[in-house]
S.K.: 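This is the structure I have questions about; it appears just below.
Every heavy atom of this structure was used, including side-chain atoms; hydrogens, water molecules and symmetry mates were not.
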Protein chains: 2
Amino acid sequence: MKTLSISEVARKVGLKPSALRFYEHAGILPPPARVNGRRRYDPDVLTRLAIIQLAQQAGFTLSEMRTLFEGFAQDATPSARWRDLAKTKLPEIDEMIRRAQAMRSFLEEGLRCDCLSLDDCELVVQRLERGAES
Amino acid sequence: MKTLSISEVARKVGLKPSALRFYEHAGILPPPARVNGRRRYDPDVLTRLAIIQLAQQAGFTLSEMRTLFEGFAQDATPSARWRDLAKTKLPEIDEMIRRAQAMRSFLEEGLRCDCLSLDDCELVVQRLERGAES
DNA sequence: CTACACCTTAAAGTAAACTTTAAGTCAAGA
DNA sequence: TCTTGACTTAAAGTTTACTTTAAGGTGTAG
């Protein structure tokens, strides 16, 4: 299989080469082979980058991703770290979804009112009171 | 109605006083009355802060919130800005929910596998391929 | 040969959203 | 009166996730 230059990889995943160097420095992208000092990436890196982007969209920090990848590479029980991370992250993701849905209906309710002040809006106040109960 | 000191407000909403000063400086919290140079908040500020926190959890920047609040105070058509902002933000929120749900099921699928390498995991690869189709 | 695109590094810069620090004010209690 | 605790300001520092810059190397086309 052919290897890829840093800018080829970057273009394929929609990042800048500097981001890839940064990820490598941050320990979430494995250092690729070098030819004349230049990075040559195995196409596998595209999978890794897809995982990184998915995790990032779900609110993982780069540091959490490092845990994720290191766990699979080094731990005695590889899937244990996944389970640990999932146990921590699943509730966080659920909370994130819940909040996003709250703001979503908040925004939609706002579309149906004509209040002059957001702070006085009945819909707003009622929604916040409902939120305070739960 | 009694007024509140900056640290009373901060405690009630789970923020530090410095955050409230910062919000005021950033133009998303109205400057409160002063007594001997100290801020005395009307309890209304709690509603405003609840809105700020809700918006923040939904991915609004402070600058967008400024638009939100200023719009209601100054625009000729108060609810127009709300509609503009909602039109921009609703799709963003929906996309955020979609991605969060994708990572959610990704994490759950990870719980059911024992792959030694995350990059080689069939579940991972299949999910990414499904993602690439849509 | 030289121009050019593309690569390398380390270090500094950026943006958002705050926090911390430094230096000073003020009212109430011992 | 002195001390304590809470407040004030402006400015500098922090974190995350990068980007930009500066200074330089490399290989291929003309």
S.K.: For the pair made of CD in A:Glu24 and P in C:dC7, what is the distance, rounded to whole Å?
M.R.: 14 Å
S.K.: Any donor-acceptor pair under 3.5 Å linking the side chain of B:Gln53 with the backbone of B:Ala50?
M.R.: no
S.K.: Under 4.0 Å between a side-chain N/O of A:Ser63 and OP1 or OP2 of D:dT16, yes or no?
M.R.: no
S.K.: Is a salt bridge present between B:Glu92 and B:Lys89, judged by a nitrogen-to-oxygen distance below 4.0 Å?
M.R.: yes
S.K.: Between atom CG in B:Leu4 and atom C1' in D:dA6, what is the gap in whole Å?
M.R.: 15 Å
S.K.: Does D:dC7 have OP1 or OP2 under 4.0 Å away from a side-chain N or O of B:Ser7?
M.R.: yes
S.K.: Nearest to the side chain of B:Phe22, which nucleotide is it out of C:dC18, D:dG27, C:dC7?
M.R.: C:dC18
S.K.: Would you call A:Leu62 and A:Phe22 a side-chain contact if the rule is heavy atoms closer than 4.5 Å?
M.R.: yes
S.K.: Can you tell me which nucleotide in C:dA27, C:dT20, D:dT8 comes closest to the side chain of B:Ser18?
M.R.: C:dT20
S.K.: Nearest-Å distance, CD (A:Gln53) to P (D:dC18)?
M.R.: 9 Å
S.K.: Measure from the side-chain heavy atoms of B:Gln56 and tell me the nearest of D:dC7, C:dA17, C:dT19.
M.R.: C:dA17
S.K.: Of the listed nucleotides (D:dT9, D:dT19, D:dT26), which one gets closest to any side-chain atom of A:Lys16?
M.R.: D:dT19
S.K.: Base, sugar-phosphate or nothing for B:Arg40? Non-hydrogen atoms, less than 4.0 Å.
M.R.: nothing
S.K.: Using whole Å, what does the distance between atom C1' of nucleotide C:dC6 and atom OH of A:Tyr41 come to?
M.R.: 14 Å
S.K.: Between D:dC7, D:dT8, C:dC7, which one does the side chain of B:Arg21 approach most closely?
M.R.: D:dT8
S.K.: Determine whether a donor-acceptor pair (N or O, by modelled atom type, separation under 3.5 Å) exists between the side chain of B:Asn36 and the backbone of B:Arg38.
M.R.: no
S.K.: Which nucleotide in the list D:dT20, D:dC7, D:dC18 gets nearest to the side chain of B:Arg38?
M.R.: D:dC7
S.K.: Rounded to the nearest Å, what distance is computed from the CD1 atom of residue A:Ile6 to the C1' atom of nucleotide C:dT8?
M.R.: 10 Å
S.K.: May I have the distance from A:Asn36 (atom CG) to C:dT9 (atom C1'), rounded to whole angstrom?
M.R.: 16 Å
S.K.: Under 4.0 angstrom, heavy atoms only, what part of the nucleic acid is A:Arg39 near: base, sugar-phosphate, or nothing?
M.R.: sugar-phosphate
S.K.: Any carboxylate oxygen within less than 4.0 angstrom of a Lys/Arg side-chain nitrogen, looking at A:Arg98 and A:Glu95?
M.R.: yes
S.K.: Nearest to the A:Arg34 side chain among C:dC18, D:dT26, C:dT9, which nucleotide is it?
M.R.: C:dT9
